[in-house]
Student: 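Got a structure for you, questions after.
Counting starts at 1 for both ligands and their atoms, following the listed order.
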Amino acid sequence: MRSNRTIVWFRRDLRIEDNPALAAAARDGSVFPVFIWCPKEEGQFYPGRVSRWWLKQSLVHLDQSLKSLGSRLVLIRTESTLNALLDCINAIQATKVVFNHLYDPVSLVRDHNIKEKLVELGLSVKSYNGDLLYEPWEVYDEKGHAFTTFDPFWQRCLHKQMEPVSLIPPWQLIPAEGNVEKCSIEDLGLENELEKPSNALLGRAWSPGWSNADKALTEFMDKQLLHYSKNKQKVGGDSTSLLSPYLHFGELSVRKVFQMARIKQILWGNEGNSVGEESVALFLRAIGLREYSRYLCFNFPFTHERALLGHLSFFPWNADPSNFKTWRQGRTGYPLVDAGMRELWATGWMHNRIRVIVSSFAVKMLLLPWKWGMKYFWDTLLDADLECDILGWQYISGGLPDGHELERLDDPEILGSRFDPEGEYVRQWLPELARMPTEWIHHPWNAPLSVLRASGVELGQNYPNPIIDIDMARENLTQAIFKMWEIQAASKASGSEARDEVVAESEYLDIPKVVLLKDKAPCATISANDQKVPAFQDPKNELPIRKRTKCFEEKRKNKENSVNHVKDSNVSSSDHEDTCSTADSSRKKQCSTSTYSFSVPQQCSSSSNLKWPWQEQTDMEQSSGKDGMRIRVKTHFSA
Ligand SMILES: Cc1cc2nc3c(=O)[nH]c(=O)nc-3n(C[C@H](O)[C@H](O)[C@H](O)COP(=O)(O)OP(=O)(O)OC[C@H]3O[C@@H](n4cnc5c(N)ncnc54)[C@H](O)[C@@H]3O)c2cc1C
């Protein structure tokens, strides 16, 4: 038993505490911890600058921890993760490979393929749940279908037994010896020379690494959790836990977070502290949303490319690169939106409320494709997490049955007065409005000329006029929804081919049902814990319909009836095109997701050559300024 030599393949589980793969390997014999970096395999979801900075710091931290236990973290940069693993296996004559599960679409495919290959070669491969309270294949409704709305999913989770946390890290590690072509942390190439000055500033605000995560968690539990429900409304300051980057890189065990919060809930419940109880319930709900993001990605592995609800594929997005650029630069003329976008660019961070506001603005006011926004957030957020990002963007853009309705459009001016009543947040991020009185701070375009002059604001000069008037935006959105219904109805009537976002063979508003193939494991797995693969069921069984406001629903029916008569649709192909599909082949996608007996698609669309509009058009740089970060935008774009 003790003669086993196990490779511990670290990915986004960069901790030693409550790390099931590491603990199992340490129990079994000698260990060979390895982190493999393969930019080619990351494809279009190659992490952005701030996210890579975090990863780099966290790896250094993990290596130090492993060293203190008697081992070292081997770093490998490669063109193929499988080959790198095989090199490690040969070098130490490994008998086993262990790792913790990931659920994003890219990892799901890669891990499945690697596992299959290693098992074929006769290796023992075992994988564990190191990222979730429950595996996505453990939570189904009474009919065995995957949940498609959050509340019932979370209720089901809360009523399940959870595996206890194994808090104590391995006491010591016996290193497995062997020579592989390893590299230094610098050679991994997570940070280039140009990025270093900007990144240095991140170190002032954040301390990556699992033991720092632990400190942050303890402090949050002791000090802020009690007031979480009250403070959550504030958009500035440390009103929430700020744990998301730690959770993303697995520096914190989510089971530990959950259990610590639950203990507080019980204690406060006994004391009759209803404020505390409410705060914990809300915080646990946030943790539940993170669980749900993985759940959706696992059960519906197309959701990084298409909304869960098929109707969005008929939406006539206004894929206008110049509007997109204005939004990214924080020059829309709506102060709260612009402040959020500047904060994002400068720090890689935004409060959830601000994320909702800026993303809704892009989709509802500018009609920009939600996938553009998702990818931009992925590139710029410090806590960039594909599953949470997908959930967030689909939530605000009408892609989920229980998210915001497509027709819902919130006025940024009103949101500004509600969530930033004194205008402090806007003043912090928009120095050009720093002297604007609170009364006008969220709608400077209404301010009298004398006020503008006194505040040093010249609309159209040092601060833009609104990119679009709210009434016009509302009208545009309504028209777009009508158009969507028209195209949808025409497509239905003509029986034309499903389009990019459409899940082929499904009804327009349905979601393919997902069940677990109980009798069919993804490969010759060794343990009941091993990663499962989702399967689609006949979607025509029951059609979950998205809730929609009554008047819109009536209008939709009228529109649909009138268009249904027109067999010969006059919809042009350009109406159909979503110019920024993340897929390398939409056809392949449709095939892979429309089959009822589904296995992990081989092509998960990650094309490293695929360029996003802003990558071709702008070259942005950050540089440090006196007051923190200064934004310098170098534009090669001619609009
Ligand atoms: C358009 C959009 C994009 C988003 N992209 C990301 C992303 O790339 N990465 C990311 O981690 N979160 C994302 N979120 C979710 C959320 O905004 C952040 O998790 C949260 O703001 C992180 O701050 P916190 O750790 O202080 O959160 P807290 O409020 O303290 O919550 C604790 C933890 O719960 C999880 N959580 C909280 N809210 C959500 C949520 N709405 N969805 C999923 N998980 C949640 C996070 O892991 C978070 O760390 C996005 C939200 C939107 C609307």
Side-chain angles (χ1 to χ4, degrees), residues 12 45 47-48 50-51 54 103-104 131-133 150 153-154 205-206 213 216-217 219-221 223-225 227-254 256-258 260-261 279-297 303-304 327 337 340-341 343-344 347-364 368 370-400 402-404 410:
R12 290 201 296 273
F45 294 114
V50 286
S51 188
W54 187 288
Y103 311 90
D104 67 276
D131 189 49
L132 290 177
L133 302 173
F150 173 70
F153 161 82
W154 188 229
W206 297 92
L217 174 66
E219 194 173 320
F220 172 72
M221 289 288 159
K223 294 189 186 149
Q224 288 109 339
L225 178 59
H227 308 292
Y228 182 80
S229 71
K230 192 174 77 189
N231 288 346
K232 209 167 176 272
Q233 298 304 318
K234 295 184 191 161
V235 292
D238 299 350
S239 56
T240 56
S241 71
L242 307 180
L243 292 177
S244 51
Y246 295 114
L247 284 167
H248 170 71
F249 284 109
E251 289 156 67
L252 257 187
S253 151
V254 75
K256 181 177 173 182
V257 177
F258 186 89
M260 281 178 80
S279 283
V280 177
L282 254 185
F283 178 70
L284 290 182
R285 199 182 148 82
I287 296 296
L289 283 167
R290 179 181 178 278
E291 290 275 306
Y292 189 55
S293 70
R294 271 91 179 123
Y295 184 80
L296 278 188
C297 274
T303 43
H304 61 307
W327 175 75
V337 175
M341 295 310 286
E343 183 187 17
L344 170 62
T347 68
W349 176 261
M350 275 184 296
H351 186 284
N352 183 60
R353 174 91 43 206
I354 298 292
R355 294 185 204 209
V356 171
I357 291 169
V358 300
S359 56
S360 302
F361 186 91
V363 168
K364 306 290 180 70
L368 290 167
W370 66 271
K371 283 179 283 178
W372 287 19
M374 181 198 85
K375 182 64 169 62
Y376 183 66
F377 270 26
W378 167 260
D379 288 342
T380 47
L381 277 171
L382 190 70
D383 60 16
D385 178 284
L386 199 49
E387 295 97 314
C388 289
D389 199 14
I390 292 167
L391 181 71
W393 281 88
Q394 292 216 16
Y395 172 81
I396 61 92
S397 60
L400 298 177
D402 54 349
H404 284 185
D410 296 321

Student: Any atoms of ligand 1 less than 4.0 Å from a non-hydrogen atom of S359? List them with their elements.
Tutor: 1 (C)

Student: What atoms of ligand 1 come closer than 4.0 angstrom to any heavy atom of Y228?
Tutor: 28 (P), 29 (O), 30 (O), 31 (O)

Student: Measure from NZ or CZ of R355 to the centre of the six-membered ring of W349, then state whether that distance is under 6.0 Å and the direction lies within 45° of the axis.
Tutor: yes

Student: Parallel, tilted or perpendicular: which one describes the rings of Y292 and Y295, with boundaries at 30° and 60°?
Tutor: parallel

Student: Can you tell if the side chain of E387 reaches within under 4.5 Å of the side chain of L296, non-hydrogen atoms only?
Tutor: no

Student: Using a 4.0 Å cutoff against the non-hydrogen atoms of F283, which atoms of ligand 1 qualify?
Tutor: 30 (O), 32 (C)

Student: Within the structure, is a non-hydrogen atom of V356 found at a distance of less than 4.0 Å from ligand 1?
Tutor: yes

Student: Looking at non-hydrogen atoms alone, which of L243, L242, I287 comes nearest to atom 33 (C) of ligand 1?
Tutor: I287

Student: So which protein heavy atom does atom 42 (N) of ligand 1 come closest to, and at what separation?
Tutor: L289 CB, 3.7 Å

Student: Looking only at heavy atoms, is any part of D389 under 4.0 Å from ligand 1, and if so is it the side chain, the backbone, or both, or is it neither?
Tutor: both

Student: Check the orientation of H404 and Y395. Use parallel for under 30°, tilted for 30 to 60°, and perpendicular for over 60°.
Tutor: tilted

Student: Verify side chain to side chain contact (heavy atoms under 4.5 Å, CB included) between F150 and L391, making sure each step is shown before the conclusion.
Tutor: CA-CA 11 Å; F150 173 70; L391 181 71; over 6 Å; no

Student: Among protein heavy atoms, which lies nearest atom 9 (N) of ligand 1, and at what distance?
Tutor: D383 O, 2.9 Å

Student: So which heavy atom in the protein is nearest atom 8 (O) of ligand 1, and how far is it from that ligand atom?
Tutor: D385 N, 3.0 Å

Student: At under 4.0 Å between heavy atoms, which part of W378 makes contact with ligand 1: side chain, backbone, both or neither?
Tutor: neither

Student: Taking all atoms of both residues into account, what is the closest heavy-atom pair of F220 and T240, and its distance?
Tutor: CE1-C, 4.0 Å

Student: Considering heavy atoms of the protein only, find what lies nearest to atom 45 (C) of ligand 1 and give residue, atom and distance to 0.1 Å.
Tutor: A286 O, 3.6 Å

Student: What are the atoms of ligand 1, with element, lying closer than 4.0 Å to any heavy atom of L247?
Tutor: 47 (O), 49 (O)

Student: Please name the residue in the list D131, D385, D383, D104 that meets the salt bridge (Lys or Arg N to Asp or Glu O under 4.0 Å) test with R12.
Tutor: D104

Student: Starting from atom 23 (O) of ligand 1, locate the nearest protein heavy atom and write down its residue, its atom name and how far away it is, to 0.1 Å.
Tutor: W349 CH2, 3.1 Å

Student: Compare every heavy atom of F283 with every heavy atom of A261, then report the nearest pair and how far apart it is.
Tutor: CB-CD2, 4.1 Å

Student: Please list the nearest protein heavy atom to atom 17 (O) of ligand 1 with its residue and the distance rounded to 0.1 Å.
Tutor: N352 OD1, 2.7 Å

Student: Looking only at protein heavy atoms, identify the closest one to atom 14 (N) of ligand 1 and say how far it is in Å.
Tutor: R355 NH1, 3.7 Å

Student: Have a look at A216, S241, C388 and point out the one with the heavy atom closest to atom 10 (C) of ligand 1.
Tutor: C388

Student: On a heavy-atom basis, I'd like to know which of S397, S51, S244 is closest to atom 11 (O) of ligand 1.
Tutor: S244

Student: Does ligand 1 have an atom that lies less than 4.0 angstrom from a heavy atom of Y292?
Tutor: no

Student: Which residue owns the protein heavy atom closest to atom 2 (C) of ligand 1, what's the atom, and how far is it?
Tutor: G392 CA, 3.6 Å

Student: Is there side-chain contact between L225 and V280, with at least one heavy-atom pair below 4.5 Å?
Tutor: yes

Student: Mark up the atoms of ligand 1 that fall under 4.0 Å of a heavy atom belonging to A384, in ascending order.
Tutor: 8 (O)

Student: Below 30° counts as parallel, above 60° as perpendicular, anything between as tilted: where do the rings of F377 and W393 land?
Tutor: perpendicular

Student: Going through the checks in order, is the side chain to side chain contact (heavy atoms under 4.5 Å, CB included) test met by C388 and R290?
Tutor: CA-CA 6 Å; C388 289; R290 179 181 178 278; 4.3 Å; yes

Student: Quick one: are S360 and D410 in side-chain contact, heavy atoms under 4.5 Å?
Tutor: no

